[in-house]
Amino acid sequence: MNQPLHDTAPDFDQPVAVLKHCHGRIRKQLATLEKLLTHLPQHGADEQARQAAAAVLKYFDKAAHLHHDDEEQDLIPMLTAVAQGEDAATLQALAPTILQDHMDMDAMWQDLHEQLALIADGSAVQLSAGIVQRFVQRYLSHMEREEGIIAPMALRLFDAQQMERLGQAMRRRRGIGPADAAADVASAPDQSIGDRVADLRKDYGHAVLDEHDVADDPILQFTRWFEEALSAEVNEPNAMGVSTVDENGRPTSRIVLVKQFDARGFTWYTNYDSQKGQQLASKPFAALLFFWRELERQVRIEGRVERTTAEESDKYFNSRPLKSRLAAIASRQSAPIADRASLEHNYEDVARQYGESPSRPGNWGGFRLVPERIEFWQGRRSRFHDRIVYTRQEDGSWTRQRLQP
């Protein structure tokens, strides 16, 4: 159960080798997980088990997601930009699978995280064999696909400049400079958040928004900004304010997470009996606000709101971690309750009743805002900001114009 010494990492001037090195670190943690399954029934949460659980927690909490971001935000987009013919077709077929793997593995990790945290502090000895086995198998097959297809494609298609660009992006994501490139690439960024935000402001503090440079389609423009927010590691770039009004015209606002956006609109999921659900049932209009402080940007979106189809709601509900699904059933969102203990009791009852395969309740699902007005705001010096607004026309087309700050 003892953890091996860290092996030497390749430099970031070999970014594909770095990615493979990360795979090696992941395989070691997966092996530790499997050893824990056999160790716990025999020895309980002894010191070795606690140390092993803590090591797995540290790696997957602080390092594994960086590897996912390397692929989603840099490696795959860069390959897509240069791939042609059979390579392009291969990427088109494989990229959605890789992204879905990341979502599924993240969901399984949430369940494992809670179990491992209890083992690490010695308060529990339960580790779900089913989740561990699914988690390990998904990771192993995922890495095999990348090592067998994605990595060789990158080595074949990228020139020296593209490799350097990929390596630099991976350095920035970990908060290290070229002089630190030989450091452990799987470690979490050690640069302070204050320094990181300062760097972002240095990069983007003088950004401009010009009506001649923005996209004709506001959804495409939003996609560009959202991708830049991801690359800049904005804190929860998918968080948005949702404002609704009650029957008396009084507004209320709250923060939710957008789960999908495309030409149809912006989608989130909730309890239809909640305050916002009831307000949208009587007045199906809302305003959304994305605020990306680090980039000095905000996007305001207004429009009509509709429910997603039952099939869409089922698909998303079933993709959520088990405990999130059970919580959605146990909670009468926005309704009063006596205390936290009562809430926990409701959850325990639901967990016993539904087990590991709960179905989506009929009062839980998605809302989609169909935009009619989208405004992009870029902060500028002396409060002399840039504002570009798009307005949907009756024929479905968009017009845009500059607004005064």
Side-chain angles (χ1 to χ4, degrees), residues 4-31 59-60 62-106 109 135-189 203 223-224 227-228 230-233:
L5 295 174
H6 290 175
D7 48 320
T8 303
D11 201 337
F12 280 94
D13 60 0
Q14 305 174 64
V16 175
V18 170
L19 291 172
K20 290 184 177 180
H21 176 82
C22 290
H23 282 183
R25 298 289 305 279
I26 290 171
R27 286 187 170 95
K28 291 178 181 178
Q29 299 301 330
L30 296 177
Y59 184 83
F60 282 103
K62 296 186 177 182
H65 67 93
L66 298 174
H67 180 58
H68 292 179
D69 290 345
D70 290 336
E71 297 166 359
E72 293 183 13
Q73 299 176 29
D74 296 296
L75 179 58
I76 293 177
M78 288 177 64
L79 280 173
T80 301
V82 298
Q84 298 179 352
E86 292 185 5
D87 288 331
T90 298
L91 270 179
Q92 186 176 9
L94 188 57
T97 300
I98 291 175
L99 299 181
Q100 187 63 50
D101 279 349
H102 289 171
M103 292 177 60
D104 292 345
M105 292 185 297
D106 288 345
W109 172 245
F135 186 71
V136 170
Q137 289 304 314
R138 179 61 67 89
Y139 248 115
L140 292 177
S141 61
H142 175 81
M143 292 187 292
E144 287 175 4
R145 277 193 293 270
E146 292 179 339
E147 292 168 359
I149 301 174
I150 297 298
M153 187 183 298
L155 291 171
R156 180 162 43 83
L157 297 183
F158 287 171
D159 59 24
Q161 289 182 334
Q162 290 162 326
M163 284 295 187
E164 182 181 5
R165 175 185 162 196
L166 178 59
Q168 289 175 348
M170 292 165 66
R171 284 192 186 103
R172 287 195 299 270
R173 181 162 294 113
R174 289 156 178 80
I176 61 178
D180 305 314
D184 184 2
V185 299
S187 64
D203 289 338
T223 301
R224 290 177 181 173
E227 289 174 347
E228 290 175 15
L230 290 173
S231 296
E233 298 183 45

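The chain is numbered in sequence order, starting from 1. The structure displayed is predicted, hence computed values, not measured ones.
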Listed by chain and number, what are the side chain to side chain contact (heavy atoms under 4.5 Å, CB included) partners of A17, not counting sequence neighbours?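 For A17 the side chain to side chain contact (heavy atoms under 4.5 Å, CB included) partners, ignoring immediate neighbours, are P10, Q14.
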Could I get the full list of side chain to side chain contact (heavy atoms under 4.5 Å, CB included) partners for A95, not counting sequence neighbours? I76
Mind checking what makes salt bridge (Lys or Arg N to Asp or Glu O under 4.0 Å) contact with [X], not counting sequence neighbours?
{"X": "E164", "value": "none"}
{"X": "R165", "value": "none"}
{"X": "D74", "value": "R173"}
{"X": "D106", "value": "none"}

With the side chain counted from C-beta on, respond yes when D70 and V18 share a heavy-atom pair under 4.5 Å apart, and no when they do not. no
Is any side-chain heavy atom of M170 closer than 4.5 Å to one of L19? yes
For Q100, which residues count as a side chain to side chain donor-acceptor pair (under 3.5 Å) partner, sequence neighbours excluded?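 Per chain and number, Q100 pairs via side chain to side chain donor-acceptor pair (under 3.5 Å) with D104.
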Where do L79 and A154 come nearest, in terms of heavy atoms and distance? CD2-CA, 3.8 Å
Show every donor-acceptor pair shorter than 3.5 Å between a side-chain atom in residues 86-93 and any protein atom, with sequence neighbours excluded, or say none if there are none.
unit_1: D87; atom_1: OD1; unit_2: R156; atom_2: NH2; d: 3.1
unit_1: D87; atom_1: OD2; unit_2: R156; atom_2: NH1; d: 2.9
unit_1: T90; atom_1: OG1; unit_2: E86; atom_2: O; d: 2.9

Sorted by first residue and then second, give each side-chain hydrogen bond (donor to acceptor under 3.5 Å, both in side chains) pair with at least one member in residues 139-154; sequence neighbours left out. H23-E146, H23-E147, R27-E147, H68-Y139, D101-H142, D101-R145, H102-H142, H142-E146
Output every pair passing ring pair (Phe, Tyr, Trp, His ring centres under 6.0 Å) with a member in residues 79-100, not counting sequence neighbours, ordered by first then second residue. none
Calculate, to the nearest 0.5 Å, the distance between atoms CZ and CD belonging to R172 and Q168 respectively.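 With rounding to 0.5 Å, CZ (R172) is 6.5 Å from CD (Q168).
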